[in-house]
Number of protein chains: 2
Amino acid sequence: MRRETTTAGGVKTPTAVGAARKDQILQIAAELFSRRGYHATSMRDLAEGAGLLPGSLYAHFTGKEEILYQIVLDAARQFLGGMEALRAQRASPEEKFRRAMRAHVAVVAHDLEGARVFLHEWKALGGSRLTEIRDLRRRYEELWDEIIRHVAPSDSKLARLLALSAANWTYVWYDPNGPLGPEEIADRFSDLLLDGLRTSVKGKVSVERRVRS
Amino acid sequence: MRRETTTAGGVKTPTAVGAARKDQILQIAAELFSRRGYHATSMRDLAEGAGLLPGSLYAHFTGKEEILYQIVLDAARQFLGGMEALRAQRASPEEKFRRAMRAHVAVVAHDLEGARVFLHEWKALGGSRLTEIRDLRRRYEELWDEIIRHVAPSDSKLARLLALSAANWTYVWYDPNGPLGPEEIADRFSDLLLDGLRTSVKGKVSVERRVRS
DNA sequence: GCACCAACCAAACGATCGTTTGTTTGGTAG
DNA sequence: CTACCAAACAAACGATCGTTTGGTTGGTGC
């Protein structure tokens, strides 16, 4: 069990220091989980990566699954945060669609390891943690559905699956050192999805994107 | 090491019988690997599913990884087979695109467990097996690229990624008991991808599909 | 300078892992 | 009947797993 700062205050409380260490371990864990997978990564691997002994990890986490949980939950909140923020905005359906795609790819680009773990290893969770993440995933899909419904009213279900497929699969191939930045990827995907592969000849059709309404 | 039939012939050779048992084990393994993941499934799980003791599995396979390998290789051949067959066919670029999408979704629908293992667990392989599967995956993507290049010449790289994303992600959500059959899914995806989400209002635009040229 | 405590080390725990070894079984060929 | 062999059993192997336990350390507040 983690406890609050015992002192009345201070510039750098022990809790804050501990949180920094915790984040460092989480970052290492995210990288290893995303590369080798959750079950293929041992606590000894994590300890070695963090520069301490296996048992010492339990000063920061109750167990291995909690490490996975915190990575997955953090990524889920990043994805959901972008979409929730979109709800309050006033913009055309297409513009919302474009912003949603941008937000999604932005999370993938900004936290690639976390996104990969979230989309690839979340099934390794169990019990209430699994159902909680499952609910967050469902919520995220519903928010996408709300947007797609206004863009493609006739075939919204498959249209949503198509858009989400494109967005979700980016975590597989996205390369931070590649020639394409997140915004370019998102915008071109939006163009291709909205206008179709056939009409992509004209280059950039509807790039009259103004982020401010 | 597996050996050939020792007798000169016969209606049911021991080898043929053994192969049937082997396929049964592979099917069980594919289901468990696709549900829990490779590393989360033990040889004892497989043995229990097949109704024998853990050590008996080694009468059919040299080890756990070979079981994964055979599942993955079989699925890879199914995916590649459909695309290779397409190369010889004479059809318009769009028609080829539609057939490719149909072939892909058909494999997912026909061998859902195998497809999931192939697309989700192939990284658990090691050594030469890993590189072999990696080559097959690359080959598959190249064949898609060849098709996409004729459909969307200007932005073929991202267009290919978009189409492959849609196709690949189906293994995540496809439900054999769902309302949509494989052909419907593939055709609607083709419509949406070719014409764009915006123009999907008219229902079915280019459904003049004749499988024979 | 004394009490306190988060963070860590050192060492081990039982459980489970993939795999091996020696033996038994059931069916088939000659 | 006998020799043979794939297929399976029964039992254990060493390795590694996630985790626990008890002790050590270094900094901080009073």
Side-chain angles (χ1 to χ4, degrees), chain A residues 1-26 28-29 32-33 36-69 121 124-127 129, chain B residues 1-26 28-29 32-33 36-69 121 124-127 129:
Chain A
M1 62 194 86
R2 214 164 154 74
R3 75 182 64 182
E4 298 302 316
T5 309
T6 52
T7 62
V11 183
K12 283 193 176 182
T13 68
T15 308
V17 172
R21 190 78 160 118
K22 206 172 176 178
D23 288 343
Q24 179 203 346
I25 297 174
L26 284 176
I28 293 167
L32 290 179
F33 286 170
R36 313 181 193 175
Y38 173 72
H39 288 293
T41 305
S42 69
M43 293 294 274
R44 285 165 179 83
D45 293 331
L46 300 182
E48 188 182 0
L52 37 80
L53 294 186
S56 304
L57 291 171
Y58 292 82
H60 303 277
F61 306 94
T62 65
K64 188 185 179 186
E65 198 192 282
E66 199 208 309
I67 299 179
L68 173 63
Y69 172 70
E121 307 285 341
L125 293 170
R129 283 169 177 155
Chain B
M1 62 196 85
R2 212 164 155 72
R3 75 184 65 184
E4 297 303 314
T5 310
T6 54
T7 63
V11 183
K12 280 193 177 182
T13 68
T15 308
V17 173
R21 190 79 160 116
K22 208 171 175 179
D23 289 343
Q24 177 204 346
I25 297 174
L26 284 176
I28 293 166
L32 290 179
F33 286 169
R36 313 181 194 174
Y38 173 73
H39 288 292
T41 305
S42 69
M43 292 295 274
R44 286 165 178 83
D45 293 331
L46 300 182
E48 188 183 0
L52 37 78
L53 293 185
S56 305
L57 292 171
Y58 292 83
H60 303 276
F61 306 94
T62 65
K64 186 186 180 185
E65 198 192 282
E66 199 208 309
I67 299 179
L68 173 64
Y69 172 69
E121 307 286 340
L125 292 171
R129 284 168 176 157

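Chain A is the first sequence line, chain B the second, and so forth, proteins listed ahead of strands; every chain is numbered from 1. Since we're looking at a predicted model, the values are computed, not measured.
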In whole angstroms, how far is the [atom2] atom of [N] from the [atom1] atom of [X]?
X     : N      : atom1 : atom2 : value
A/M43 : D/dT19 : CE    : C1'   : 8 Å
A/L46 : D/dT19 : CG    : P     : 11 Å
B/R36 : C/dC17 : CZ    : P     : 10 Å
B/L57 : C/dT21 : CG    : P     : 17 Å
B/I67 : C/dC17 : CD1   : C1'   : 14 Å
A/Y58 : C/dA12 : OH    : C1'   : 14 Å
B/K64 : C/dT20 : NZ    : C1'   : 17 Å
B/E65 : C/dC17 : CD    : P     : 18 Å

Do [X] and [Y] have side-chain heavy atoms sitting under 4.5 Å apart?
X      : Y      : result
B/E121 : B/T41  : no
A/L68  : A/R129 : no
B/L57  : B/L52  : yes

Please list, pair by pair, any protein nitrogen or oxygen found under 3.5 Å from a nitrogen or oxygen in nucleotides 8-10 of chain C.
residue: C/dC8; atom: OP1; partner: A/R21; partner atom: NE; Å: 2.7
residue: C/dC8; atom: OP1; partner: A/R21; partner atom: NH2; Å: 3.3
residue: C/dC8; atom: OP2; partner: A/H60; partner atom: NE2; Å: 2.5
residue: C/dC9; atom: OP2; partner: A/L53; partner atom: N; Å: 2.7
residue: C/dC9; atom: OP2; partner: A/S56; partner atom: OG; Å: 2.9

Shortest non-hydrogen contact between B/H39 and A/H39, atoms and distance:
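Distance-wise, the nearest heavy atoms are CB-CB, 3.5 Å.
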Looking at every non-hydrogen atom in both residues, tell me the closest pair between A/H60 and A/R21 and how far apart they are.
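Heavy atoms of A/H60 and A/R21 come nearest at CE1-CG, 3.8 Å.
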Is atom CD of B/E66 surrounded by more than 12 heavy atoms (other residues, nucleotides or ligands) closer than 6.0 Å?
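Yes - once you tally the heavy atoms of other residues, nucleotides and ligands closer than 6.0 Å, there are more than 12.
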